[in-house]
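Per chain, numbering begins at 1; letters A, B, ... match sequence-line order.
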Amino acid sequence: MTRQPRQWKRCSSVIRLSAIDQQMLGFFARFQAFFFLAWQSFIRIFSKPYYYRDFAIQFDKLGFSSLFICVLTGLFTGMVMALQALIQLKPFAATSYVGGMVAVTMIKELGPVLAALMVAGRVGSAITAELGTMVVTEQVDAMRVEGTDIIQRLVTPRLKAMLVALPLLTIVTDAISMLGGYLIASGYGISPIMYLSTFTQFMVPLDYLEGVTKPLVFAFLITMIACQTGLNTGGGAEGVGAAAKRAVVLSSVLVLMCDFFIAKIFVVFR
Amino acid sequence: MTEEQSIRMEQVCYTVGGRTILTDFDLLLEQGVNRTILGVSGSGKTTILKLILGLIHPQSGRIYINGMEITNRPESEYREQRKKIAIVFQGGALFDSMTVGENVGYRLFEEGRLSQAEIEEIVREKLRFVGVEPALDLYPAELSGGMKKRVAIARALAADPEYIFFDEPTTGLDPIGVYNIVSLMNRLQEAGKTTLMVTHDLPTAFATSQRFSLIHESRLAFEGTEVELRACLQPNVQEFLQPTDRSLFV
Ligand SMILES: Nc1ncnc2c1ncn2[C@@H]1O[C@H](COP(=O)(O)OP(=O)(O)O)[C@@H](O)[C@H]1O
Ligand SMILES: [Mg+2]
């Protein structure tokens, strides 16, 4: 009689384990599906048909639509960076270094990350919602029946558009933030020449490379997560909303995580 | 490979998300013999069409299109066979981002073998056939439900298929819309197309098909002609023909 409870316990732990197993399997299956889609969309960048028209439409939709928010983000971030830096530098009579400090934080870190987060929120959700709607209204099935390669037609043009658009948006964000920083610095009597000359003291060429590598990686991440989530949408219109939310959260978190690892890699090569 | 002119499903089982949708399902669609698959909502009718089109894959069983087995082959290998089949999805599934004309000419544009003018000629002809030629430059969002279905039929025709599948073509249409679809289907059959429809709408089924399959609780409950169907005394068949529980059809 005393043994029975122990047996029960073992039994229930076995059940719980198998539930975890199932979750793990589901997770790995999704992980594998993600990498499969990512690889398939990547190799299709170089194969025909190129769908130039879809690329142009997507570039316009994904790129230009985010220009304004990136300008605003860059302007105010640059201004606040300069403001904070100046307060810190003033006691040391080192306010002339403000240009370099704004540049180094913006070009290496904040420019790529903020632009990516803006784009993940705006464009990632739009991609997921659009593809999700196409799935639940059977448009994707209809395309497959017509003999279209779904990845080539729907995923690759978006990926190409983002790979071009996000680095450009990041450069715009960086440039505007420099300008914003100067607006504040000029109030502290810093001349444009002084502001610009400190860039070279703080930055090495590798830093500029880091500044454009990040948006390329982020663009890939955001698009692939958005497409993968969108193409696996189920459960009608409600499912589309839930999928869009999931894509934004996941890609935002992954952008921040990847940012650390890319920074780490560049530190090693410095 | 035999030059068989039919679509066959043999002992097909399909399970998704732990739910069994089909168990040992058989189907034969011979050219010239139009068929309707009957079943209540959620019984797996759309699933059958998607299985034949290779959009989803069965756990077991075999599916043949004109004698070629498509089960467990990669999509690229049966794309050619699948071109013999066109489908009109339940909601039409028109591409939102394209005009009616671009929708109908989709496959022709994709294949890129014809010139712009030739494609437009074919598109106009198909739209004239279904009676919505004036809608050529409209977007799907600007069309009524009945027009969407007719454009979807035009798109299916542009591919010049041997078989046309209809997923609940009359659901959600007013009586005139239903009449239009039924007469369109009859005209297609006269033009030599074989239709496979899934629906729970009996009058439409009887007006367009010679043979009937009834799916009930994931299994084939009945297969035969209209006379045989009406004479069948199986309780689940009778329940479908004269439902005492109306909630089945909601
Ligand atoms: N991906 C899926 N995951 C879970 N259940 C599904 C999936 N696809 C279809 N089903 C279920 O399969 C059943 C049959 O679906 P369907 O073939 O669309 O039915 P019908 O067309 O006869 O109304 C439905 O009950 C549906 O909920
Ligand atoms: Mg259905």
Part of [X] lying under 4.5 Å from any heavy atom of chain A:
{"X": "B:Leu53", "answer": "side chain"}
{"X": "B:Lys83", "answer": "neither"}
{"X": "B:Arg107", "answer": "both"}
{"X": "B:Tyr106", "answer": "side chain"}
{"X": "B:Glu80", "answer": "neither"}

request  = Would you mind checking if B:Arg82 and A:Glu146 are paired as a salt bridge, meaning a charged N to carboxylate O distance below 4.0 Å?
outcome  = no
Pairing of A:Arg144 and B:Glu110 as salt bridge, 4.0 angstrom limit = no
task = Specify the closest pair of heavy atoms between B:Ala93 and A:Ala142, including all atoms of both residues, with the distance to one decimal.
result = O-CB, 4.0 Å
With rounding to the nearest 0.5 Å, note down the distance linking [atom1] in [X] to [atom2] in [Y].
{"X": "A:Thr137", "Y": "B:Phe95", "atom1": "OG1", "atom2": "CZ", "result": "9.5 Å"}
{"X": "B:Ile87", "Y": "A:Asp141", "atom1": "CD1", "atom2": "CG", "result": "8.0 Å"}
{"X": "B:Ser97", "Y": "A:Ile57", "atom1": "OG", "atom2": "CD1", "result": "7.0 Å"}

task = Dump the intermediate steps for side chain to side chain contact (heavy atoms under 4.5 Å, CB included) on B:Thr46 and A:Glu138, then the final yes or no.
result = CA-CA 11 Å; B:Thr46 304; A:Glu138 295 178 315; 3.8 Å; yes
task = Identify which of A:Met143, A:Arg153, A:Gln139 forms the greatest number of heavy-atom pairs closer than 4.5 Å to chain B.
result = A:Gln139
key: Flag if over 12 foreign heavy atoms under 6.0 Å of CZ, A:Phe28   = no
ask   = Counting only heavy atoms not in A:Phe42, do more than 12 sit closer than 6.0 Å to its CZ atom?
value = no
